Amino acid sequence: MAETDPGFIAAVEEARQGFNEGGVPIGACLVSKDGKILGRGHNMRVQKGSATLHGEISALENSGRLPASAYAGATMYTTLSPCDMCTGACIMYKVARVVIGENRSFVGGEEYLKQRGVEVVVLENQECMGLMKKFMEEKPQVWNEDIGEQ
């Protein structure tokens, strides 16, 4: 069911946009516990020359400044397993659930999320895997930089 959720669809649209812009194709969407999209975004490290603008951080940034109650119980949809920074942001804002498009290209803080009581769902979505595979083949140096390998 999660693959047809509006939040996941938005995250995949964001990943496609990032890829088309020449950036890392990771999209994310934050959805409130009542199903309202609070913010969506994609990795903008390449496009904006940013050290920290990963997909999940972009979605949070685009959510704007909200009261803590807006984040509590929310779901973060992301096309790739969240890195340590994005994992920490989800925990800090008390996101209740993280739905991940795929974790074959990269496994981030999934176990830590679970330890902190966050529900983690991995979809193994074929489009997410295909976008990342193509990007990693075409721009391995950018991918390695993004995950802190270079």
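Everything quoted here is computed from the prediction, not taken from an experiment.
- Contact of the V12 side chain with the E127 side chain is registered, since non-hydrogen atoms from C-beta on lie closer than 4.5 Å.
- Residues V99 and A2 approach most closely at CG1-CB, 4.0 Å, considering heavy atoms.
- Under the side-chain contact (heavy atoms from CB on, under 4.5 Å) criterion, L66 pairs with L38, S63, A70, Y71, sequence neighbours left out.
- Note on F135 and F106: same hydrophobic cluster, where clusters join Ile, Leu, Val, Met, Phe, Trp and Tyr whose side-chain heavy atoms are under 4.5 Å apart, directly or indirectly.
- The minimum heavy-atom distance linking A72 with K33 is given by the pair O-CD, 3.8 Å.
- Heavy atoms only, all atoms of each residue included: V95 and M76 are closest at CG1-N, 3.7 Å.
- Using a distance-only test at 3.5 Å, with no hydrogens or angles considered, a donor-acceptor pair links the side chain of N62 to the main chain of R40.
- By the 4.5 Å heavy-atom criterion applied to side chains, F8 and E13 are not counted as neighbours.
- Although no hydrogens or angles enter the test, the distance criterion places a donor-acceptor pair under 3.5 Å between the side chain of R45 and the main chain of S50.
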Side-chain donor-acceptor contacts of residues 79-92 below 3.5 Å, not counting sequence neighbours, with atom names and distances?
{"residue": "T79", "atom": "OG1", "partner": "G27", "partner atom": "N", "Å": "3.0"}
{"residue": "S81", "atom": "OG", "partner": "G108", "partner atom": "N", "Å": "2.7"}
{"residue": "S81", "atom": "OG", "partner": "E110", "partner atom": "OE2", "Å": "2.6"}
{"residue": "T87", "atom": "OG1", "partner": "P82", "partner atom": "O", "Å": "3.2"}
{"residue": "T87", "atom": "OG1", "partner": "C83", "partner atom": "O", "Å": "2.8"}

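- Of all heavy-atom pairs between S105 and M136, the closest is CB-SD, 3.9 Å.
- E21 places no side-chain N or O within 3.5 Å of a backbone atom of G23 that could act as its donor or acceptor partner.
- When every heavy atom of S58 is checked against every heavy atom of G41, the shortest pair comes out as OG-CA, 3.4 Å.
- The closest side-chain heavy-atom distance from I100 to V121 is not below 4.5 Å.
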